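Scope of the values below: all heavy atoms of this structure, side chains included, with no hydrogens, waters or symmetry mates. If you're wondering where the values come from, they're calculated on a predicted model, not measured in any experiment.
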Amino acid sequence: MKVFATRIIPAAGLELLEKAGHTVTQWTENKEMTVEERIAYCKDHDALLFAGGRKIDRPLLENCRHMKVVSLLSVGYDNVDLKAATELGIQITNTPGVLSNATADTAFLLMLSAARKAFFHHKRILNGEWNFSTPTANLGVDVEGKTLGVWGLGNIGYVMAQRCKAAFGMDIIYHNRRRNEKAEKDLQARYVSFDELLQQSDVLSVHVNLTAETRDKFNMEVFRKMKPTAIFINAARGGIHNEPDLAAAIEQGIIWGAGLDVTNPEPMQPDNPLLQMPTVAVLPHIGSATQETRNAMARVAAENIIAALAGKPVLNPVNHLYAL
């Protein structure tokens, strides 16, 4: 059958699809497809491997209801109208698990970068400002022995907590829909209420999906409940935080700083004030961007397509989540 990929995909996934006898067409231009182009390509293919681009909305799905599966090269699925896909009988799949380490490492990197003002100091070098210094100028803060709060202690949140516990002896607290008994046993993680999470965290790392419940959750009202020394980390989805409120909270000293791998909106504009703040570190959504991880994601995405086109159960179904 015929598979359309919205980007050039890693060879590991491409080889699996071709070995299974499927023909793969990839979008190779460095620009987004128009709505008309997207529909035209999808109409001519049996499966869609979505590796970036505009949202997969109801109009697209209704025009391409013949498709057997949309395989996401991501864990997140907030860019898909799951209700429409399910009503039309189109399977949606994702790639959980294989990117947990890489994404957690990115959150860890952001924590240290914000705490030590790393991006700010790098800019000083570029600006020719590495000259006279004093012992009290532009100091960061330690994370050793501090409290890490995790909102969403699933696969990625667990690895982040594990890294912080092992490297810096950080105390772990978390808030979830459900208790994480493994984290409580292995990492001595303590379950707390959401308000307690805000009040007690020195570093608060977000690892939840973007839903109606989590959208815009971190706004000024929430930031005001955090410590003035707190660092906010978001390597999940930009829509979870209110970006003007975050900038204002840091500027006014309500919280210390932030590390963002995702922004709201995305991409971030180059004149965003957060980019000029010493205690802020921003990356362009590179959480899973290692060769090993992207190859693993491509293999999972391909395996989901191969299963769906063969009429077999897919490895990572997502459709049922729209009702949650």
Side-chain angles (χ1 to χ4, degrees), residues 54-55 57 74-81 103-104 106-111 113-115 117 119-120 141 147-154 156-157 160 173-177 192-287 321 324:
R54 294 186 176 89
K55 291 188 175 182
D57 54 15
S74 66
V75 172
Y77 49 83
D78 53 280
N79 52 353
V80 182
D81 188 332
T103 305
T106 300
F108 190 88
L109 167 66
L110 288 167
M111 174 184 71
S113 297
K117 301 184 179 180
F119 287 25
F120 165 74
V141 294
T147 297
L148 171 73
V150 180
W151 191 39
L153 191 57
I156 298 171
M160 173 63 168
I173 60 176
Y174 75 101
H175 182 73
N176 271 18
R177 284 182 177 177
V192 296
S193 69
F194 185 69
D195 276 356
E196 289 172 323
L197 186 79
L198 300 176
Q199 295 160 7
Q200 297 177 26
S201 297
D202 295 303
V203 178
L204 202 162
S205 196
V206 172
H207 300 283
V208 296
N209 291 317
L210 179 61
T211 65
E213 179 186 356
T214 64
R215 184 178 295 279
D216 229 29
K217 183 72 170 180
F218 279 82
N219 52 30
M220 185 59 79
E221 180 183 356
V222 166
F223 290 129
R224 288 190 185 281
K225 295 179 180 179
M226 295 170 64
K227 294 181 179 182
T229 54
I231 297 171
F232 172 74
I233 305 295
N234 188 358
R237 283 292 185 267
I240 294 167
H241 67 260
N242 180 300
E243 210 142 280
D245 283 4
L246 175 60
I250 296 170
E251 187 175 34
Q252 296 171 28
I254 294 168
I255 65 173
W256 161 270
L260 308 175
D261 187 43
V262 290
T263 59
N264 183 19
E266 196 170 295
M268 177 182 273
Q269 294 302 307
D271 61 352
N272 191 303
L274 286 167
L275 293 173
Q276 303 306 320
M277 294 183 178
T279 58
V280 174
V282 182
L283 293 172
H285 205 153
I286 62 164
L321 297 172
L324 297 180

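Checking each of Ile255, Val222, Val203 against Phe232 for a side chain to side chain contact (heavy atoms under 4.5 Å, CB included) leaves exactly one that passes, namely Ile255. When each of Asp78, Asp216, Thr214 is tested with Ile240 by the rule side chain to side chain contact (heavy atoms under 4.5 Å, CB included), just one qualifies, namely Thr214.
Using a distance-only test at 3.5 Å, with no hydrogens or angles considered, no donor-acceptor pair links the side chain of Asp245 to the main chain of Ala248. Between the side chain of His175 and the backbone N or O of Trp151, no donor-acceptor pair lies under 3.5 Å. Side-chain N or O atoms of Asn209 include none that pairs as donor or acceptor with a backbone N or O of Thr211 at under 3.5 Å. Remark: the backbone N or O of Ile286 is paired with a side-chain donor or acceptor of Asp261 at under 3.5 angstrom.
Between atom CG of residue Leu274 and atom CG of residue Asn272 there is a gap of 4.5 Å, rounded to the nearest 0.5 Å. Separation of atoms CG (Leu260) and OG (Ser113) is listed at 11.5 Å; rounding is to 0.5 Å. Atoms OG and CD1, from Ser201 and Ile231 in turn, are 11.5 Å apart once rounded to the nearest 0.5 Å. Here NE2 of His241 is found 6.5 Å from OG1 of Thr263. Values are rounded to the nearest 0.5 Å. Summarising the geometry, atom CZ belonging to Phe223 is positioned 9.5 Å from atom CG belonging to Leu198; distances are rounded to the nearest 0.5 Å. To the nearest 0.5 Å, atom CG of residue Asp202 and atom CE of residue Met226 are 10.0 Å apart.
Side-chain contact between Leu210 and Arg215 is present, with heavy atoms from C-beta onward closer than 4.5 Å. When side chains are defined from C-beta on, Leu197 counts as touching Ile173, because their heavy atoms get closer than 4.5 Å. Side-chain contact between Ile233 and Phe108: absent, with no pair of heavy atoms (C-beta onward) separated by less than 4.5 Å. At least one side-chain heavy atom of Gln252 sits under 4.5 Å from a side-chain heavy atom of Arg224. Annotation: side chain of Val141 is not in contact with side chain of Thr229 (no heavy-atom distance under 4.5 Å). Within the 4.5 Å cutoff, the side chain of Thr279 has no heavy atoms near those of the Phe120 side chain. A 4.5 Å side-chain heavy-atom check between Arg237 and His285 finds at least one atom pair inside the cut-off. With a 4.5 Å cut-off on side-chain heavy atoms, Glu213 and Val208 do not count as touching.
The minimum heavy-atom distance between Ala281 and Leu110, with the atom names listed, is O-CD2, 3.6 Å. Closest non-hydrogen pair, Ala236 versus His207, comes out as CB-CA, 4.2 Å. Nearest heavy-atom pair, Gly253 versus Pro228, reported as atom, atom and distance to 0.1 Å: O-CB, 3.8 Å.
Atom CD of Glu251 sits in a sparse spot, with 12 or fewer heavy atoms from other residues, nucleotides or ligands closer than 6.0 Å.
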From CA spacing to verdict: side-chain contact (heavy atoms from CB on, under 4.5 Å), Phe218, Leu204: CA-CA 11 Å; Phe218 279 82; Leu204 202 162; 3.8 Å; yes
Stepwise side-chain contact (heavy atoms from CB on, under 4.5 Å) test for Leu283 and Leu109: CA-CA 10 Å; Leu283 293 172; Leu109 167 66; 4.0 Å; yes
